[in-house]
Amino acid sequence: MARHGNQIVDEALVLACQAGDDAGFGPLVRRWHPRLLETLIRATGRAEVGQDLAQDVWLTVVKDLGRLDDPAAFPGWLMRIAQRRAADWVRRQARQRKLMAGAQHAAVASSFSLDASVSSGLVAEERSTLVRAALGLLSPGHRDVVVRHYLEGQTAQDIAAALGLPVGTIKSRLHYARRRMSESLFLERNV
């Protein structure tokens, strides 16, 4: 019952905002900002980036809320905007890391006096950069499942419960993500 009541409140706030009542926007932000911020921090792995992206998402909401046809669709619409912003940020970071890794690799190749410990550290860093870049190629939904499973140590059952999805869906996303990352890493090594 509470969930249904919350949905009605959200719809009323969205309708008020769409009708030009700016007083409805503050309560809407207060209701959804914590979940939005959690989603963005989880997707990017950085609190300060999540906060910056949240501001960007809310600006988009202010600008585009009038075009939302179904006020009941607000939660999904908001999270899709957030996932796109996070995915764009992750892609930009992957491109920057790839460029930096290329520059580092060129510097390493031109240096003839590297000792073994420095060389192995650079190889590990390059490997880490490639894995982050491969992770950046995944959709936000797949990346979220991978991060929860491999970095946070959650089981497929825990992830399914947290996201409200069937366990089979989580296992499928993990399988797809592993395959996609493996393909990406294989292509990177053979370039």
Side-chain angles (χ1 to χ4, degrees), residues 1-94 135-178 180-181:
M1 180 69 179
R3 183 172 201 156
H4 183 67
N6 287 338
Q7 184 177 0
I8 291 171
V9 170
D10 289 337
E11 289 178 36
L13 291 171
V14 168
L15 286 170
C17 292
Q18 288 178 328
D21 180 6
D22 294 336
F25 193 71
L28 194 62
V29 170
R30 281 190 295 278
R31 290 174 63 79
W32 282 96
H33 188 73
R35 184 170 172 199
L36 171 68
L37 190 57
E38 177 186 337
T39 298
L40 291 167
I41 291 171
R42 185 179 312 112
T44 63
R46 297 180 56 195
E48 67 279 0
V49 172
Q51 291 169 354
D52 290 344
L53 291 177
Q55 294 301 317
D56 185 43
V57 169
W58 286 119
L59 289 173
T60 300
V61 169
V62 168
K63 184 179 69 137
D64 295 342
L65 189 60
R67 291 190 275 189
L68 181 63
D69 294 330
D70 181 8
F74 176 78
W77 179 72
L78 175 68
M79 291 303 143
R80 281 190 300 279
I81 294 169
Q83 289 173 343
R84 282 194 302 270
R85 291 299 184 281
D88 290 345
W89 182 86
V90 169
R91 276 192 293 274
R92 281 192 306 272
Q93 293 303 305
L135 191 60
L137 295 174
L138 298 176
S139 71
H142 286 90
R143 185 174 40 259
D144 185 30
V145 170
V146 168
V147 167
R148 286 174 183 257
H149 184 69
Y150 289 105
L151 300 180
E152 297 175 7
Q154 295 181 19
T155 66
Q157 291 77 12
D158 293 338
I159 299 168
L163 298 179
L165 296 171
V167 174
T169 300
I170 301 303
K171 289 181 178 180
S172 173
R173 287 184 182 181
L174 282 169
H175 173 77
Y176 170 83
R178 281 191 298 260
R180 178 71 176 105
M181 288 180 70

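- A distance-only check finds a donor-acceptor pair linking the side chain of T39 to the backbone of R35 [under 3.5 Å].
- Shortest non-hydrogen contact noted between A87 and R143 is CA-NH2, 3.7 Å.
- Partners of Q83 according to the side chain to side chain donor-acceptor pair (under 3.5 Å) rule, which considers only residues two or more places apart in sequence or in another chain, do not exist here.
- Note on R85 versus D88: no salt bridge recorded, every NZ/NE/NH1/NH2 to OD/OE distance being 4.0 Å or above.
- Note on ring orientation: taking the six-membered ring where Trp is involved, the planes of Y176 and H142 are tilted (angle from 30° to 60°).
- Using modelled atom types and a 3.5 Å distance limit, the side chains of D70 and W77 yield no donor-acceptor pair.
- Here the side chains of V49 and Q93 are not in contact, with every heavy-atom distance at 4.5 Å or above.
- A86 approaches T44 most closely through the heavy-atom pair CB-CG2, 4.3 Å.
- Side-chain contact between L28 and F74 is present, with heavy atoms from C-beta onward closer than 4.5 Å.
- Sorted by first and then second residue, the ring pair (Phe, Tyr, Trp, His ring centres under 6.0 Å) pairs involving residues 154-173 (not counting sequence neighbours) form an empty list.
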Could you walk me through whether W58 and I81 pass the side-chain contact (heavy atoms from CB on, under 4.5 Å) test, one step at a time? CA-CA 9 Å; W58 286 119; I81 294 169; over 6 Å; no
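- Taking CD1 of I41 as the reference point, atom CD of Q51 lies at 6.0 Å (rounded to 0.5 Å).
- The closest donor-acceptor contact from the side chain of R173 to the backbone of D144 lies at 3.5 Å or more, if one exists at all.
- Nearest heavy-atom pair across L53 and L40 is C-CD1, 3.8 Å.
- Annotation: side chain of S172 is not in contact with side chain of H175 (no heavy-atom distance under 4.5 Å).
- Here the closest heavy-atom approach between residue C17 and residue F25 is recorded as SG-N, 3.4 Å.
- A side-chain hydrogen bond (donor to acceptor under 3.5 Å, both in side chains) check over residues 13-30, counting only residues at least two apart or in different chains, returns nothing.
- The shortest heavy-atom contact between A82 and V57 is CA-CG2, 3.8 Å.
- Nearest heavy-atom pair, A156 versus H149, reported as atom, atom and distance to 0.1 Å: N-ND1, 4.5 Å.
- For the pair D64/L68, no side-chain contact is recorded, criterion being any heavy-atom separation below 4.5 Å from C-beta on.
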